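Written out below as structure tokens is the structure these notes cover.
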Amino acid sequence: MALARQISQNSRAASKNTKFILEKVRLLHDFNAISDGNNITRSKPDPEVFLKATQFLGIEPSECVVVENAYAGIDAAGYEKADYSCLGK
């Protein structure tokens, strides 16, 4: 998830039901953008999911913080063409 003034939900490439889940838990309205398997072709550790999210939000990676729970996502956030700040374990 990119945390900034605007919020984006990013999900791994295999997941294509992010919008459905956010609707069911009544959180869809809290997100300005969703980047998931519906709009990317490469999965983490490729940073495409994060790059698409920042593109949708109209901001630069340097303006974002990625909160990640998987090593592949942490690697994707630090990839040289992305260079996001990242919180993760």
Side-chain angles (χ1 to χ4, degrees):
M1 177 184 306
L3 296 177
R5 193 171 152 215
Q6 298 176 331
I7 299 177
S8 166
Q9 166 62 33
N10 307 305
S11 185
R12 62 187 170 84
S15 178
K16 294 185 177 187
N17 60 353
T18 305
K19 185 175 178 180
F20 172 78
I21 292 169
L22 291 173
E23 285 175 341
K24 290 296 181 189
V25 296
R26 298 181 182 177
L27 291 175
L28 183 62
H29 65 280
D30 290 325
F31 294 89
N32 300 95
I34 296 172
S35 182
D36 65 7
N38 291 302
N39 53 35
I40 64 170
T41 58
R42 297 178 303 275
S43 60
K44 298 172 189 172
D46 188 278
E48 183 184 20
V49 69
F50 299 134
L51 293 169
K52 285 284 188 183
T54 52
Q55 177 186 359
F56 295 155
L57 293 171
I59 57 179
E60 295 296 320
S62 61
E63 300 175 84
C64 299
V65 175
V66 171
V67 179
E68 183 57 62
N69 66 343
Y71 291 120
I74 294 168
D75 289 345
Y79 192 73
E80 65 185 53
K81 64 182 176 182
D83 197 29
Y84 293 87
S85 295
C86 183
L87 300 173
K89 179 180 180 184

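Remember, predicted model here, so these are calculated numbers, not experimental data. Only heavy atoms go into these numbers, but all of them, side chains included; no hydrogens, no water, no symmetry mates.
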key: Taking every non-hydrogen atom, the tightest pair across Glu23 and Leu28   = CG-CD2, 3.3 Å

ask   = Applying the 4.5 Å side-chain criterion to the ILVMFWY set and letting contacts propagate, would Phe20 and Val25 be lumped into a single cluster?
value = no

ask   = Considering all heavy atoms of both residues, which atom of Ile34 and which atom of Asn39 are nearest to each other, and what is their separation?
value = O-ND2, 3.1 Å

With sequence neighbours excluded, residues passing side-chain contact (heavy atoms from CB on, under 4.5 Å) with Gln55 = Lys52

task = Would you name the heavy atoms of Glu68 and Cys86 that are closest together and state the gap between them?
result = CB-SG, 4.2 Å

query = If you measure from CG on Asn17 to CG on Leu22, what distance do you get to the nearest 0.5 Å?
reply = 9.5 Å

task = Drop me the distance from Leu51's CG to Ile40's CD1, to the nearest 0.5 angstrom.
result = 10.0 Å

inquiry  = Looking at Glu60, I'd like to know if its CD atom is crowded, meaning that more than 12 non-hydrogen atoms belonging to other residues, nucleotides or ligands lie closer than 6.0 Å.
reply    = no

ask   = Where is the tightest heavy-atom contact between Ala76 and Phe50, given as atom of each residue plus distance?
value = CB-CE1, 3.7 Å

query = Any sub-3.5 Å donor-acceptor pair from Glu48's side-chain atoms to Arg42's backbone N or O?
reply = yes

